Amino acid sequence: MAPSMSVEELILRLYEIQAVKFGSFTLKSGLQSPIYFDLRVIVSHPILLALSAEGLLVRDAIVLLDREQGGKHMLQEKGINLHCVCSLTQLLSVLLANGKLDKDTVDSVHRFVQLNQTQDGAAPPSTKHLKKALTYGERASLAEHPLAKKLFRIMEDKQTNLCVAVDIVDWQKLLQLAERLGPYICCLKTHVDILSVNNFQSFRSTFGPQLNELAVRYNFLIFEDRKFADIGNTVQHQYGGGIYYISDWAHIVTAHAVSGPGVIEGLKKVVNGGSATSSNRGCLLIAEMSSDGALATGGYTKACVKIAKQHKDFVLGFISQSQVSDDPTFVHMTPGVQSEEAGDGLGQHYNTPKEVILGRKSDVIIVGRGVFSSENPVHQAQLYQQAGWEAYQQRLQ
């Protein structure tokens, strides 16, 4: 017979052998989960396996862990009584009390469970951890960064949470698309370093000023997805100079946190010492990515959130696959969105607007090829605007 072990000891042991993991995991369904169960590892730990085997003596149905996603309710409807060694709520409570998890992680798992029930009406006991979803307008009033305030207000006023990524090489066609798509978007995302430029003097005098004029006319923000990742001194020159002078025309840029907070300090120096001001320039930290095998998960994601909280005068949110911070003043933008779940054969995984806004609690859907590669980009933008907004309305309910 297996040695005696309390439920708390069992939970801690399962955590130690990584039978339960916390971070950001892409499930087979494509859903992004903050928790992952891998009970296959208990085969290498006979004491735990024996405990599970002993549980088979219990009549009806027995499981080691009840995930509280509606399975017990479904079995009860079929006349089957489910018995569990421990529940997800109990597991989280033990790990929190023993310093294995922080409250943000626990709340994130509770939210995930609540939003991903397998049986309608079966709510787990974690509902007390949930907060009422705020409107974009309410979050605009709470936001600390002026640019975040502006973005939330644009989204509320135009009834759009759509950002179109115009990843094309012809900068003049980019400007044409920006004018056509302007009425339906909250942001226009660019990759300036893929643009084909023969005359940089003409490009500098035309591209930035015309794009900003369109942004003012149609009330959207310009988002240059530069993904700064070097030391502070280098990104300072990449942002404020070089051949693109990004700080002159882009409201928002992106940055990796791999080099530490110095990358933010370098970007801020350009804003504080240049023609742009901190009120109309900001940064999104890349906390998660949509490509298969991306390393921006777990501890790295948490480090990004920590850096963002320390630099709220410049960081207004995150590029992520799901909500990574409970702070309503941060905006979450999610790339890799199409009308149907799919992939591109190059590691990119696509999710639907409903999954991103309602399921993952992100704020902005970023759509690229689903719009600009279509025969009718305007019509596609309208469809994505509608789908994203409807998902947002459902989330408020």
Side-chain angles (χ1 to χ4, degrees), residues 135-137 139-167 171 174-175 177-192 195 207-228 239 244-255 267-268 270-271 274-286 308 312-320 328-335 337 356-357 362-368 371-372 381 384-385 388-389 392:
T135 67
Y136 293 141
R139 292 172 67 184
S141 64
L142 295 174
E144 300 174 35
H145 196 298
L147 198 58
K149 287 180 179 290
K150 183 175 182 178
L151 177 57
F152 283 128
R153 286 179 181 137
I154 288 173
M155 294 160 69
E156 184 83 8
D157 293 343
K158 294 179 66 176
Q159 296 190 2
T160 180
N161 48 23
L162 171 64
C163 170
V164 172
V166 188
D167 298 335
W171 63 270
L174 188 155
L175 290 174
L177 270 174
E179 181 159 19
R180 296 176 64 194
L181 301 176
Y184 315 105
I185 62 176
C186 62
C187 290
L188 184 88
K189 187 171 84 71
T190 63
H191 273 299
V192 69
L195 296 177
F207 179 75
Q210 285 194 13
L211 194 55
N212 270 272
E213 190 276 327
L214 292 172
V216 172
R217 187 193 310 171
Y218 296 110
N219 195 23
F220 64 82
L221 297 183
I222 303 166
F223 166 20
E224 165 53 29
D225 194 9
R226 177 58 179 80
K227 296 183 174 71
F228 294 102
Y239 183 36
Y244 298 113
Y245 290 84
I246 295 170
S247 64
D248 286 355
W249 50 270
H251 300 107
I252 303 170
V253 293
T254 51
L267 296 172
K268 284 163 63 173
V270 175
V271 172
S275 58
T277 65
S278 58
S279 64
N280 59 15
R281 296 291 183 268
C283 173
L284 296 171
L285 282 179
I286 301 171
K312 296 185 78 171
D313 59 333
F314 190 67
V315 178
L316 58 140
F318 308 94
I319 298 294
S320 60
T329 66
F330 283 132
V331 63
H332 293 76
M333 297 193 185
T334 298
V337 177
V356 169
I357 298 296
S362 189
D363 301 311
V364 176
I365 56 173
I366 301 176
V367 184
V371 171
F372 73 77
Y384 277 106
Q385 177 193 11
W389 193 256
Y392 161 68

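Everything numeric in this text was worked out from a predicted model, so none of it was measured.
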**Item:** Residue pair Val164 / Leu181: nearest heavy atoms and the distance that separates them
**Value:** CG1-CD1, 3.8 Å

**Asked** Hey, is the main chain of Ser247 close enough, under 3.5 Å, to the side chain of Arg281 for a donor-acceptor pair?
**Response** yes

**Prompt:** Checking Arg153 side chain against Ser141 main chain: does a donor-acceptor pair fall under 3.5 Å?
**Reply:** no

**Prompt:** Side chain of Asn161, backbone of Gly388: donor and acceptor closer than 3.5 Å?
**Reply:** yes

**Request:** Can you label the angle between the Trp389 ring and the Tyr136 ring as parallel, tilted or perpendicular, going by 30° and 60°?
**Result:** tilted

**Prompt:** Do any N or O atoms from the side chain of Glu224 and from the backbone of Val192 form a donor-acceptor pair under 3.5 angstrom?
**Reply:** yes

**Message:** So which atom in Lys189 and which in Asp225 form the shortest heavy-atom distance, rounded to 0.1 Å?
**Reply:** NZ-OD2, 3.0 Å

**Partner residues of Arg217 under the salt bridge (Lys or Arg N to Asp or Glu O under 4.0 Å) criterion, sequence neighbours left out** = Glu179, Glu213

**Over all atoms of both residues, closest heavy-atom pair of Thr160 and Cys186** = CG2-N, 3.8 Å

**Complete:** Nearest heavy-atom approach of Leu188 to Ala178 is CD2-CB, 3.8 Å

**Message:** Looking at Lys150 and Leu221, would you say the former's side chain and the latter's main chain have a donor-acceptor pair under 3.5 Å?
**Reply:** no

**Request:** Would you mind reporting whether Leu284 and Val331 have side-chain heavy atoms less than 4.5 Å apart?
**Result:** yes

**Prompt:** How far apart are the closest heavy atoms of Ser320 and His332, and which atoms are they?
**Reply:** OG-CD2, 3.5 Å

**Request:** Flag the pair Val166 / Thr190 as yes when at least one side-chain heavy-atom distance between them is below 4.5 Å, and no otherwise.
**Result:** no

